[in-house]
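Keep in mind the model is a prediction, meaning the values are calculated, not measured. All residue numbers refer to positions in the sequence shown, counting from 1.
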Amino acid sequence: MLSILATEIESCHHQPVYLGVVNINIDERTIGSVDVWRCGACKKRFCEEKQLGIEELADLVGMPKIDSDAKWGVIICKMQQGKYKWKLARLKENTEIKHECLDEHIISLKVKDFKVDDDSHWSFLVDDNINKAVEI
């Protein structure tokens, strides 16, 4: 007997269609964006991070997969002091997520109700901000 645990079998041959964008702004100046795509067949959403001025590839490129119990979000470090660090992430309810902070150390952040629960970081959901600009 086969059992399917936390993964799903992809039965859809995705047909991504551009849905919109979330602009990441500082003082009304765009420093990056998240492109949002949706499959025309199954309606599953895909996101792609675009950080302006960053020449290396993002961790998630193309049409990355996301578990059905996760939501696309953006994590922002509050300890910026001239460095504006943000990252596209897959947020799951009431879990922990690994995050590379400004000092390049990997830390664990608690996620509660699909939001980062930490004094030095905050987050927002991509789905709540499609075709909007978010000031960080």
| query | Quick one: do Val17 and Phe46 end up in the same hydrophobic cluster if we chain Ile, Leu, Val, Met, Phe, Trp and Tyr together by side-chain heavy atoms under 4.5 Å apart? | reply | no
| For atom CG of Asn131, is the number of surrounding heavy atoms from other residues, nucleotides or ligands below 6.0 Å larger than 12? | yes
| query | Which salt bridge (charged side-chain N to carboxylate O under 4.0 Å, His left out) pairs, counting each pair once, include a residue from residues 120-136, with sequence neighbours left out? | reply | Arg45-Asp127
| request: Take Trp37 and His14, measure what side-chain contact (heavy atoms from CB on, under 4.5 Å) needs, and give me the verdict at the end. | output: CA-CA 11 Å; Trp37 302 77; His14 296 303; over 6 Å; no
| request: For Lys98, look at atom NZ and say whether over 12 heavy atoms of other residues, nucleotides or ligands are found less than 6.0 Å away. | output: no
| Would you say the side chain of Phe114 lies within less than 4.5 Å of the side chain of Ser123, judging by non-hydrogen atoms? | no
| Should we say atom CG of Asp119 is surrounded by more than 12 heavy atoms from elsewhere, each under 6.0 Å from it? | no
| Does the Asp117 side chain pair with the main chain of Val111, one donor and one acceptor, at a distance under 3.5 Å? | no
| query | Is a side-chain N or O of Gln51 found less than 3.5 angstrom from the main chain of Lys87, in a donor-acceptor match? | reply | no
| said: I need the minimum non-hydrogen distance between Lys78 and Trp122, along with the two atoms involved. | reply: CG-CD1, 3.8 Å
| Closest heavy-atom pair and its distance - Val126, Val36 | CG1-CG2, 3.5 Å
| query | Atom CD in Glu100, atom NE2 in His105: separation rounded to 0.5 Å? | reply | 10.0 Å
| Atom pair OG/CD1 of Ser120 and Ile76 - distance to nearest 0.5 Å | 13.5 Å
| request: Can you see which heavy atom on Cys39 is nearest to which on Cys42, and at what distance? | output: SG-N, 3.4 Å
| message | On a heavy-atom basis, which atom in Ile130 and which in Gly20 lie closest, and how many Å separate them? | response | CG2-CA, 4.0 Å
| note | Rounded to the nearest 0.5 angstrom, the SG-NZ distance for Cys47 and Lys71 is 13.0 Å
| request: Assess whether side-chain contact (heavy atoms from CB on, under 4.5 Å) is satisfied between Trp72 and Val34, documenting all intermediate values. | output: CA-CA 10 Å; Trp72 288 109; Val34 175; over 6 Å; no
| query | In chain order, what residues pass the salt bridge (charged side-chain N to carboxylate O under 4.0 Å, His left out) check against Asp35, with sequence neighbours excluded? | reply | Lys50
| Is Glu96 reaching over with its side chain to a backbone N or O of Ser108, donor-acceptor style, under 3.5 angstrom? | no
| message | Would Ile31 and Ile136 count as a side-chain contact (heavy atoms from CB on, under 4.5 Å) here? Give the steps. | response | CA-CA 10 Å; Ile31 63 163; Ile136 64 171; 3.9 Å; yes
| message | Tell me the closest heavy-atom pair linking Ile75 and Ala89, and the distance in Å. | response | CD1-CB, 3.8 Å
| query | How far does CG of Leu91 sit from NZ of Lys115, to the nearest 0.5 angstrom? | reply | 11.0 Å
| field | Student check: side-chain heavy atoms of Val134 and Val74 closer than 4.5 Å | value | no
| task | Working to the nearest 0.5 Å, report the span between CG of Asp113 and CG of Leu125. | result | 10.0 Å
| task | Would you indicate whether the side-chain heavy atoms of Val116 and His99 approach each other to under 4.5 Å? | result | no
| query | Do Trp86 and Ile26 have side-chain heavy atoms sitting under 4.5 Å apart? | reply | no
